[in-house]
Structure formats: structure tokens, C-alpha cells
**Q** 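Here's a structure for you.
Side-chain atoms are counted along with the backbone in the values below, which use heavy atoms only and exclude waters and symmetry mates.
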Amino acid sequence: MEFGICFKGFVEPKRARALVRQAENAGFAYCWFYDSHILWRESYVAMAMCMEHTTTMRFGPCVTNPNTREWSHAASLFGSLAKQSGGRFDIGLGRGDSAVRVMGRKPATLAKLEEFTQVVKALVRGEAVQYGETPEPVQFPWAEGYELPVWIGAYGPKALSSAGRVGDGLILQIAEPSIVKWLADEARKAGTEAGRDMSNYKVMAAAPAHTGPMEEALEKVKWFPAMVGNHVADIVEKYGADTDQVPASLTSYIENRRGYDYSKHGQSDNPYLDFITEDIVKSFCVLGTPEEHVEKLRELEAAGTTQFNIYLDSGDEEKIIADYAAKVIPAFR
């Protein structure tokens, strides 16, 4: 299993530089950033900065979307960062959540997401591509054939099919092993049916982790189940609350869920947290002693997870990285 960290855009630059150096030395292979340019500062500027303070760590948005940037601009940005980092750049991709909803805009369709994936990969590779309402083909004369890895965030059946057919990996914002296995199997099945070789297909479980006392940890990561509520609602809605594949805790979670304030997206002071139960927090996140982290991560690995990506913004970030360096990551080497 590989390990990653993920930042929101409010981490101060000096601290971000220190954290990525610490994380790379600890054995973390990836550093991801939220891509929500209104709620937080522009993430690609921070990625470029952090690339200069690391040598092996890979970077990327978790996640970007087809609607925020014009596609040639997005591809130029991706290709430039891949070149600047010496080939250490991936993207996570979704239909668009907080980055577009906070403006009152709608997420992209899955057809648009698939087209975006194919267009930006081709442009970064150096191919001439005509797309959308662009009358002339677009081609970057400076491109050098970089093969851009695209991880797709998906939960419902159609989205999982898209992720399996056009993505290089799957992003799941949940650390519940049974749910991860179920969704990952669906994506892999779709890719196999499309004739793809899925032997190297990657699966990321992205969630907060905390190695402090349980009561303290529960309070610090309570924001996370609320943040990913739309995705959990997708699981329940698409697969049905009456199936034994959907845990009762998730259907209860959706029944009790109220509105969501996107201006407080991913923040502990979001007013819509009172429906979050202790069981849901423990299910969605990785908490407890380092030994308990290893135990749950082994379950995630057995479920098909290839990367655990820690949303590193619940406090005690340096301690969490240090605990993973000393006691968690070595257990997977």
C-alpha cells in the first residue's frame, strides 16, 4: 500500500513546505490538494511550490473537475506541472462539487467527465485534439509524451462505470473496508468488460486519520462525514436502502442528514454536524492508536485499496506524520 496526504488551501506556505518534507522523509508517496478556488487559495500554485521542496513525492488535485477551467488551459497547467516536477504529477477528477456548487453552478455530466479525461490526456501527451466548440485542433508544441494518470472519484453505478472504463484509478472518500471493496469491484468490473487490463488499476481511500485519544479524535474529524454526505447519499440512492450491501448505519445517516452549507465545506464549524454519530465517524475515518490504524489499513488493503490518503487538516499534523513514519508505514514495507 502507498500513502498520501491531502491539504486544503488554507495551510500556510511555510508550514506546507515543512510538512511535505517531513511526509516525504516519512515514506508518504503522494501529496494531494483540494481544488476549490473560491473556498481556498489556488492549489496549483501551492503544488508548484511544494514540488521544489521534494524529490520523489507525487502531486495532484483531489479533485479537479471539467467545469472550472477551459480544457486547453487545464491541460497546459497539468502538463507544465508534470514537466516542472520531473514527471511527478497526477490528477484526481470528479464531476464538480464545492468548486462549482458554491457558485450555484451544476456538476458536469459523466459524458463530459469522460470526454475531459480523454482530451486532457491526449493534449498532455502532445496530440492534436479538437473538442467541444473549439473550431480548430489544439496541440502543445512543447509536450513531451507524458502519460497523465487520472484518478476518478465515483460512487454511483454509472460513475463507477466511467471510472473503470476511462480512469487509471478510483478515488473513494471513505475508509469503510466493505464499502471500498464493493465500489472498487464495480469499477474494476466495468473496466474489464470494456476490454481494459485492470491489473494495475489503483484504488484510493481518502479520509482523515488521527492518532490521538479517541474522544479528541472523534470531535476533530466530525466534519468529514458531513463533507462527503452527497457521495454517501449517491450510494444509498443508486443502490437502494433495502439492499443488504448498504450498511444500516449509512441508510440511517442519510435519513438524518439535513442541508449542507458549502461555504463551510470541510470545516469543523459547519452548522450541519449534529446528525453525525460516533459509529459513522469511526467507520468513515481511521482513528485510535497506531496499532489500530495498522489493523484497519490492513482491512482496507485486503479490500483492494492501493493508497490511503490522509486528509491532513484535523490538527496534530506533525504528530500524525511522525506516528505513521515510526509505526504505521513500516508495517506495510
Side-chain angles (χ1 to χ4, degrees), residues 4-24 28 30-54 57-85 88-105 107-108 116 120 148 150-151 153 171 173 204 206-208 220-221 223-224 226-228 230 260-271 309-318 320-321:
I5 57 173
C6 187
F7 290 135
K8 294 196 189 86
F10 58 59
V11 62
E12 288 301 315
K14 182 177 180 180
R15 187 156 184 250
R17 293 192 293 267
L19 285 169
V20 294
R21 287 193 295 264
Q22 182 191 3
E24 183 177 76
F28 286 86
Y30 285 80
C31 178
W32 302 92
F33 279 77
Y34 286 41
D35 182 12
S36 195
H37 64 291
I38 293 176
L39 297 182
W40 302 294
R41 299 188 302 271
E42 177 57 60
S43 60
Y44 297 95
V45 177
M47 288 183 221
M49 173 189 72
C50 291
M51 286 171 178
E52 299 303 312
H53 293 267
T54 54
M57 181 173 273
R58 301 186 66 84
F59 291 84
C62 186
V63 297
T64 191
N65 69 84
N67 286 353
T68 296
R69 299 169 183 84
E70 196 280 324
W71 291 7
S72 67
H73 174 246
S76 180
L77 182 61
F78 303 155
S80 298
L81 287 169
K83 171 69 174 178
Q84 185 168 320
S85 64
R88 295 185 286 131
F89 189 77
D90 299 24
I91 68 166
L93 178 65
R95 294 173 55 214
D97 193 37
S98 65
V100 295
R101 292 181 193 272
V102 75
M103 295 187 285
R105 295 173 60 189
F116 179 85
V120 297
L148 178 70
V150 178
W151 305 61
I171 296 175
Q173 292 182 104
M204 176 202 301
K220 287 190 172 183
V221 303
W223 57 269
F224 179 69
M227 186 188 81
V228 299
N230 281 343
Y260 187 69
D261 183 356
Y262 271 92
S263 70
K264 298 289 187 180
H265 187 64
Q267 298 181 35
S268 59
D269 62 346
N270 196 300
N309 176 24
I310 299 176
Y311 284 143
L312 197 68
D313 45 24
S314 301
D316 303 316
E317 289 81 8
E318 288 84 356
I320 293 166
I321 292 174

**Q** Do Tyr34 and Leu39 make a side-chain contact, defined as non-hydrogen atoms from C-beta onward lying under 4.5 Å apart?
**A** no

**Q** Tell me whether Glu317 contacts the main-chain N or O of Gly315 through its side chain, where contact means a donor paired with an acceptor under 3.5 Å.
**A** yes

**Q** Give, for atom CZ of Phe59 and atom CE of Met49, the distance between the pair rounded to the nearest 0.5 Å.
**A** 9.0 Å

**Q** For the side chain of Ser76 and the backbone of Ser72, is there at least one donor-acceptor N/O pair under 3.5 Å apart?
**A** no

**Q** Can you give me the closest heavy-atom contact between Pro66 and Trp71, atom names plus distance?
**A** O-NE1, 2.9 Å

**Q** Looking at Arg105 and Gly96, would you say the former's side chain and the latter's main chain have a donor-acceptor pair under 3.5 Å?
**A** no

**Q** Once rounded to the nearest 0.5 Å, what's the spacing between atom CE of Met47 and atom OG1 of Thr54?
**A** 12.5 Å

**Q** Would the distance check show the side chain of Arg88 and the main-chain N or O of Met57 forming a donor-acceptor pair, the cut-off being under 3.5 Å?
**A** yes

**Q** Considering non-hydrogen atoms only, spot the tightest contact between Cys50 and Val20 and give its length.
**A** SG-CG1, 3.9 Å

**Q** Give me the one residue out of Val150, Ile171, Asp35 that meets side-chain contact (heavy atoms from CB on, under 4.5 Å) with Leu93.
**A** Val150

**Q** Between Arg58 and Tyr30, is there a donor-acceptor pair closer than 3.5 Å when you use the side chain of the first and the backbone of the second?
**A** no

**Q** Which salt bridge (charged side-chain N to carboxylate O under 4.0 Å, His left out) pairs, counting each pair once, include a residue from residues 70-85, with sequence neighbours left out?
**A** Lys83-Glu144

**Q** Would you please name every residue forming a side chain to side chain contact (heavy atoms under 4.5 Å, CB included) with Ala75, sequence neighbours left out?
**A** Val120, Leu123, Val124, Phe140

**Q** Could Glu42 and Arg69 be called an ion pair, given the rule that one side-chain N must be under 4.0 Å from one carboxylate O?
**A** yes

**Q** My understanding is that only residues two or more places apart in sequence, or in another chain, count here; which of them pass side chain to side chain contact (heavy atoms under 4.5 Å, CB included) with Leu81?
**A** Tyr44, Ala48, Met51, Leu77, Phe89

**Q** To the nearest 0.5 Å, how far apart are CD1 in Ile321 and CD1 in Ile310?
**A** 7.5 Å

